[in-house]
Student: 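Supplied in structure tokens, the structure appears directly below.
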Protein chains: 2
Amino acid sequence: MPTLSEVARHAGVTPATVSNVLRKRGRVGETTRQRVLDAVAALGYRPHLAARALAEGRAPTLALMVSSIANPFYPEFALAVERAARASGHFVIICNTNEDPLTGRAYLDQIAGTLSEGVLVTNANLDFADLRKTEARGTPVVLCMWERPTEPPGLPCVAVDFRLAGKLAGEHLLELGHRRFGAIVGSKASGIHAARYEGFVDALRAAGVTKNRVRHAADTIQGGYLAARALLEADPQPSAIFATNDLPALGAMHAIADLGLRVPDDLSVIGITDIQLARESRPALTTVAVPTVEVAGLAVELLRELIETSYGQAGRDVRDVTAPVPMRVSSEPKLVVRASTAAPRSR
Amino acid sequence: MPTLSEVARHAGVTPATVSNVLRKRGRVGETTRQRVLDAVAALGYRPHLAARALAEGRAPTLALMVSSIANPFYPEFALAVERAARASGHFVIICNTNEDPLTGRAYLDQIAGTLSEGVLVTNANLDFADLRKTEARGTPVVLCMWERPTEPPGLPCVAVDFRLAGKLAGEHLLELGHRRFGAIVGSKASGIHAARYEGFVDALRAAGVTKNRVRHAADTIQGGYLAARALLEADPQPSAIFATNDLPALGAMHAIADLGLRVPDDLSVIGITDIQLARESRPALTTVAVPTVEVAGLAVELLRELIETSYGQAGRDVRDVTAPVPMRVSSEPKLVVRASTAAPRSR
DNA sequence: TTGAAAGCGCTAACAG
DNA sequence: CTGTTAGCGCTTTCAA
């Protein structure tokens, strides 16, 4: 592979000049510029990104921490992140923590600041202390899906009003006439879906409804399946099931089918997120859509800003503790009515 | 962030020594070794990967080219790749070509050899010429899912006997007693699923069956849905549907349900791959499983070997044209019988 | 407008 | 065993 200096020699100039025309900085005479460009083309020169990273003191990559690509939401989000990152000249390194904080820490220790100049975190079951540490070391970190716009975490983040999402789901069900509910709350361990459930309860409470049983579950189809089976044993049976996530909602639909009941005739089901599968399931899942692409865009943008500014000021020191931690709030979640919800069979 | 020389100073040795103890090469005295290690711990030193990459002339990352993470197979595969890559000390940069050869080329041009020392390609709709070019430039490329073990492509690859997969699917349906088939063949444009269909036809032919209609479709649930609707208009209707991929098979199940028919009572459906969703759909999908994890492992392993050897010999020159292109063959696809197939209602 | 020179942080011979 | 000496390929002041 040809190097900068080879190009320079070929064009009869110095490496510095070549660098200048390539980075479009410093005035360069039009003729030499052309000569350099020709040489670049002739030799098929491509800049060596690792070398550039070293010289610039910053790598052109972002680390995307995810807890498990098994959940189809992550790939969708990763795709959006990749698009946004690329638009800002970054590559994305995918870091699968596998729900294991140690793996997450190992990743952070290795690449943060040395191979990637920023870290994006989805609900990756990471130790906040580890994140703060990498931040303190000078590598900005952004939380991509903070659930409570009103309660900022100690880290930069993009917040989505998930409480509202839960509320919208509840209101939709109530409007259809449902009064007996079963709720499937995911991410039990991290408690990260609590806000969604609170919103749901807000709606019920506002309507004076108290017929609601809760069940915690893993964030999977299987988890939702199991939880729904348990919920459906109640007497009287709920007429609608709310899940804090689409995957468990899908599982609930399976459970209902296995019991010989029909959605939405016998039972309504609603989820949150609007993953692709929600559109493609049968019946298609009614859900509260989260603006995934927008969130990805905001997250990358915020991260970029942090990178830019933290490089300007105070070297790689800890962020000024008195300064507020930046937060972006996405547009509101929106109800998407599809075929899994309907009025209850009888009142 | 502390640097190697800072650690060296702190330990009262030279950078070279620190490097030696860290890389475990060159004999180092036990006492100095300890001293260095202490200094590393005290300063919280972490090697700068970009710097190391430059010095070593090789980056610790692999590029994984995928056409679209939308298809749930890719994330599953990506996960397996990431695991394998990490085990060999590599990070993986995810490159979404979006089915667009130009995007793919741009990725290759930028990172191959400069930020990643190897390229893994799934069915990413890439221009073979581009791949050969990056290979010729000295960056090994491995095709992850070559469909015909008997017909090696011009590039190193891991092959899966997809023709056999199709055959197994056909045989399963035949054994159940089916004689009228509908086939949904995906990836029409690239023709990449042809082998699967050929295998299916092999089975039918061996059984003397000719009642088989084909329909091409996009590799999506939606694509399968549409194709199945078309297939089911035939008279007499097929009693079983074979899809060259799980996603379209799932779509076919939806179409059947929408027509008021039941799987597997009225129609049987079978796919290929065994993505997670196949297990979680209702009814659970019978399919021919591809050893995804194994393939990922073989691909990374092969890539590693190519990296190792191509660095030893002949600098970064084109691979010896007379040498055979290396190929690994995965273990055979296996039939996984679940709930979407059964004997036809009547003969 | 261009060139010279120093250095990013680390590795890799080769000496001592 | 450990230190010296060169770079890896590129960017970036600072001079010319």
Side-chain angles (χ1 to χ4, degrees), chain A residues 1-37 39-40 43-60 110-115 117 137-138 311 315-316, chain B residues 1-37 39-40 43-60 89 110-115 117 137-138 311-312 315-316:
Chain A
M1 267 183 22
T3 71
L4 230 211
S5 9
E6 282 167 20
V7 173
R9 202 177 318 137
H10 192 99
V13 297
T14 64
T17 303
V18 177
S19 178
N20 278 337
V21 359
L22 258 27
R23 326 288 319 292
K24 307 184 200 309
R25 37 186 350 275
R27 311 286 106 213
V28 180
E30 185 48 33
T31 58
T32 36
R33 212 182 81 83
Q34 241 349 297
R35 212 141 33 94
V36 168
L37 258 22
V40 165
L43 269 50
Y45 169 78
R46 301 174 306 141
H48 192 294
L49 265 26
R52 180 177 281 180
L54 180 58
E56 282 185 323
R58 49 144 65 190
Q110 289 193 71
I111 65 177
T114 74
L115 196 59
E117 61 169 348
R137 278 170 171 156
Y311 265 79
R316 287 111 183 276
Chain B
M1 265 180 25
T3 70
L4 230 212
S5 9
E6 282 168 19
V7 173
R9 201 175 320 134
H10 192 100
V13 296
T14 64
T17 302
V18 177
S19 178
N20 278 339
V21 358
L22 259 25
R23 327 284 324 291
K24 308 184 201 306
R25 41 189 341 277
R27 311 286 106 212
V28 181
E30 186 48 31
T31 58
T32 35
R33 213 182 80 82
Q34 242 347 298
R35 213 140 34 93
V36 168
L37 258 22
V40 165
L43 270 51
Y45 169 78
R46 302 173 305 141
H48 194 295
L49 267 26
R52 179 176 283 180
L54 180 57
E56 282 186 323
R58 50 143 65 192
Q110 288 192 72
I111 66 177
T114 74
L115 196 58
E117 61 170 347
R137 276 171 173 155
Y311 265 79
R316 286 107 184 279

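Being a predicted model, the structure only gives us computed values, none of them experimental. To find a chain, count down the sequence lines: A is the first, B the second, and so on, and within it residues start at 1.
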Student: Can you tell me which residue pairs pass the salt bridge (Lys or Arg N to Asp or Glu O under 4.0 Å) test with a partner in residues 13-23 of chain B, sequence neighbours excluded?
Tutor: B:R23-B:E56
Student: Which pair of non-hydrogen atoms, one from B:L115 and one from B:A59, has the smallest distance, and what is that distance?
Tutor: O-CB, 3.2 Å
Student: List for me each residue that meets side chain to side chain contact (heavy atoms under 4.5 Å, CB included) alongside A:A8, sequence neighbours excluded, and say none if there are none.
Tutor: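 Per chain and number, A:A8 pairs via side chain to side chain contact (heavy atoms under 4.5 Å, CB included) with A:V13, A:P15, A:V18.
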Student: Spell out protein contact along nucleotides 10-16 of chain C as letters: B when the base is contacted, S when just the sugar-phosphate is, - when no protein heavy atom is under 4.0 Å; keep the 5' to 3' order.
Tutor: BBB----
Student: If you assign each of B:R33 and B:L54 to its closest nucleotide in DNA chain D, which residue comes earlier from the 5' end?
Tutor: B:R33
Student: Taking the side chain as every heavy atom from C-beta outward, state whether A:T114 and B:P47 have any pair of such atoms under 4.5 Å apart.
Tutor: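 In short, these two side chains do not touch, never coming nearer than 4.5 Å.
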Student: May I have the distance from A:R9 (atom CZ) to D:dG9 (atom P), rounded to whole angstrom?
Tutor: 12 Å
Student: Listed by chain and number, what are the side chain to side chain donor-acceptor pair (under 3.5 Å) partners of A:R35, not counting sequence neighbours?
Tutor: none
Student: Does B:T32 reach a base, just sugar-phosphate, or nothing at all? Heavy atoms under 4.0 Å.
Tutor: sugar-phosphate
Student: Can you run down the side chain to side chain donor-acceptor pair (under 3.5 Å) pairs that involve residues 6-15 of chain A, sequence neighbours left out, and say none if there aren't any?
Tutor: A:T14-A:T17
Student: What's the CD-P distance between A:E6 and D:dC8, to the nearest Å?
Tutor: 10 Å
Student: Mind checking A:V18 for me? I need base, sugar-phosphate or nothing, with any heavy atom below 4.0 Å counting as a touch.
Tutor: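 Nothing, no nucleic acid heavy atom in range.
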Student: Could you check how far CE of A:M1 sits from C1' of D:dC8, rounded to whole Å?
Tutor: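 In whole Å, D:dC8 C1' lies 12 Å from A:M1 CE.
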Student: What is the bend of the helix from C:dT1-D:dA16 to C:dG16-D:dC1 when you compare the axis at one end with the axis at the other, using five pairs each and rounding to 10°?
Tutor: 40°
Student: Look only at the side chain of B:T32 and the backbone of B:V28, and say whether a donor-acceptor pair between them is shorter than 3.5 Å.
Tutor: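 Not a single qualifying donor-acceptor pair exists.
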Student: Name all residues meeting the side chain to side chain donor-acceptor pair (under 3.5 Å) criterion together with B:R46; count only those two or more places apart in sequence or in a different chain, and write none if there are none.
Tutor: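 Listed in chain order: nothing, the list is empty.
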